[in-house]
Amino acid sequence: MSPTTSSRTFWSMTVLLTSPALAFNTFLHTRQADSSFDWTAITPTADLQYHPCYTNFQCARLRVPLDWSRTNGTTPPLNSNSTGGPFAAIALVTLPATVPSSNPAYAGPILINPGGPSGSGTGMALQLASMIQALVDVPGERHYDIVGFDPRGVALTTPSASCYESHYDRSADTIRAAGLPSVVTEQGLKMRFQMGRGVGELCAQANPGEESVFRYVSTATVARDMLEIVERSHELVVKAQRTNGTAKGCGGGGGEKPRLQYLGFSYGSILGNTFASMFPGRVGRMVLDGIADADDYMTATWSKNLIDAEAAIDHFYQTCFDAGSGCALRQPTDTSSADIRTRISTLLAFLQQSPVSAIHNGRLYAVTSFLISEAIRVSLYSPIATYEPLSLALADALSGNFSRILSNPNVMLRDTRLDVCVEQTPSTPPQTYIHSEEVALGIICGDSYSSSTTHDFPSATSLVSRILNQSATVGEAWTKIPLSCTNWPFRPTYSFTGPFGSPAPDNSSGNTTSATPLLILSTRTDHATPLANAYALSALHDGSAVVVQESVGHCALLSSVSQCTYGIVREYFRSGTVPANGTVCEAECEPAIPFRACPGLSEI
Ligand SMILES: *[C@@H]1O[C@H](CO)[C@@H](O)[C@H](O)[C@H]1NC(C)=O
Ligand SMILES: *[C@@H]1O[C@H](CO)[C@@H](O)[C@H](O)[C@H]1NC(C)=O
Ligand SMILES: *[C@@H]1O[C@H](CO)[C@@H](O)[C@H](O)[C@H]1NC(C)=O
Ligand SMILES: *[C@@H]1O[C@H](CO)[C@@H](O)[C@H](O)[C@H]1NC(C)=O
Ligand SMILES: *[C@@H]1O[C@H](CO)[C@@H](O)[C@H](O)[C@H]1NC(C)=O
Ligand SMILES: *[C@@H]1O[C@H](CO)[C@@H](O)[C@H](O)[C@H]1NC(C)=O
Ligand SMILES: *[C@@H]1O[C@H](CO)[C@@H](O)[C@H](O)[C@H]1NC(C)=O
Ligand SMILES: *[C@@H]1O[C@H](CO)[C@@H](O)[C@H](O)[C@H]1NC(C)=O
């Protein structure tokens, strides 16, 4: 899957920020919107009105009720601005199918979600839609629209879920947080616990009251929005077919309600699972790749992410050891990869007790174990791209040079002086997506509001020791997520926390509650969304099947290239059939040190 000439980068990276709060990331960077399209020129509408944008895409702002609970989940009458109260405007970027909707080969929209939970679907569409379309289209037979949308609070969707007026303040807070004492120390744990309380207050001050955007960013809300996108898209197709005199029967679909076709990565698996569980009769096709456990997530238990993290790290050390002198992190006296592991563990243990300082680009930083843990955590998402830079950064760190750690684009803010215009009104799409960390907290902390396990210090303590026990290397970085929810003040108005699952496909006539089987993908070794979660998800959705790709990294389709996996995905979208549960696909590339390119792998 390679980006073709028609795909382009939507958000050009200006600030190099990754939030540890973005648990299940695929899209992490703070990005500057491509200014070739003026989003403020689009008036949000309750019907779907597309506008040409970014050369070969179509853009829209879909008006939906801010609060689906106020309408009991039903759509207010179209073109009515008096019912349904305040609204949100969902930003969509669609790569249209290569045939018109009147063509029998037109196969409808596929919605995509990049994870995060605050990843930008519009950004992903601009970057990967043409590649995804090439993957799923069957020439002359099936041609899809690829639809990226920004979930509530995210990127170009309004209102924005942001807690800072100035990006300088945000960066300063991020850098300060990275320099706190380690959570393995009592003082560090207390400090992070208190900072978690503080961030909730900060967001409440910036977004006070009933109408606070943070009450309306739940996963259930986004699932309902997806249903709205499906219905409004269908309506558009029916209208076009009527105009062209090609409408099939009544309503273009024989009266059956239109169904979602969906490809979700990482946290996008929770979004998909939520949709399938809330609206089981409305799933047409659903591919979930890189599976997070929805119950574990909704209950803020955090015991189902890092199961394979140390195995993933061992793969990195082994790759380095096997590289011999080609890996800077290996020393001539090493007799196995365990020697490399020992050096890194020692470095982490040292920094946990004795942080050091480093000067980088004219700024002074505290170098903590958190920073090293985070550098390793973020690198393990895409091993092919990151093993070599990680080996160099860790080798330098062992010799006391932290420049590469501090300049890792996924770890730290570099340009804190970025001049960002804050959006003028809550309904104006921002020029730059800088609030991804806050919206991630809004989604994660809000989804688990009712059962958060960290509201009091003793339970936060036991949660942290459980996470550290699961992964000594990246556990510390991971603890920042639940510890940011200690005092989250926003209870979502519209939520769904289970039970998760969908019934068996049912052929009885007129029964629309049955679901199409889900296709579930995972790599063999994923440090953030382990394979076990894929099997557990499958057990909840009758007829579903897991495909295991023999690769390491986060999400099968994003971490390597496998014609076998691609073929299964294409056939599933075409016919709705899944292969045998547990089917294994070989991958065409492996991570290597020094770096070895993987032809066809999309870099996102
Ligand atoms: C939502 O449902 C409740 C209970 O069934 C009902 O009282 C209320 O009027 C409904 N609200 C709307 C906007 O339909
Ligand atoms: C509703 O829409 C009409 C026509 O677009 C406009 O004149 C009116 O001000 C709107 N009302 C509200 C409450 O926004
Ligand atoms: C209508 O049909 C014509 C001829 O087949 C085609 O070129 C056009 O794109 C169609 N329009 C829509 C909206 O499907
Ligand atoms: C630290 O490492 C970087 C990157 O390898 C290098 O450019 C720099 O000169 C080093 N700094 C010192 C003080 O050795
Ligand atoms: C730590 O993990 C081990 C297995 O890896 C387990 O046996 C032990 O009970 C765990 N301890 C805690 C405190 O969770
Ligand atoms: C349902 O329909 C599918 C395809 O039409 C068929 O393969 C399957 O056997 C049917 N299942 C039942 C229970 O009738
Ligand atoms: C449709 O199928 C579902 C799941 O098998 C079942 O729970 C429901 O009762 C069925 N509805 C009708 C009207 O047969
Ligand atoms: C697929 O296999 C896994 C692991 O054996 C199992 O837990 C799951 O229930 C299976 N899925 C279905 C739909 O039977």
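First listed ligand is number 1; within each ligand, the first listed atom is number 1.
Using a 4.5 Å heavy-atom threshold, the side chains of D396 and L392 count as separate. The closest side-chain heavy-atom distance from V548 to C585 is not below 4.5 Å.
Residues lining ligand 8 at a heavy-atom distance below 4.0 Å are given as Y535, S538, A539, H541, G543, S544, N581, ordered by chain and residue number.
Remark: ligand 4 atoms within the under-4.0 Å shell around heavy atoms of D396 are 2 (O), 4 (C), 5 (O). Listed by number with element, the atoms of ligand 4 under 4.0 angstrom from any heavy atom of N401 are 1 (C), 2 (O), 3 (C), 8 (C), 10 (C), 11 (N), 12 (C), 14 (O).
The heavy-atom pair separating D526 from C555 by the smallest distance is OD2-N, 3.4 Å.
Under the 6.0 Å distance and 45° angle rule, R330 counts as a cation-pi partner of F321.
With rounding to the nearest 0.5 angstrom, the CG atom of D308 is 12.5 Å from the NE2 atom of H315.
Remark: the E476 side chain and the S182 side chain contain an N/O donor-acceptor pair separated by less than 3.5 Å.
For F500 and H541, the ring centers are positioned 6.0 Å apart or more.
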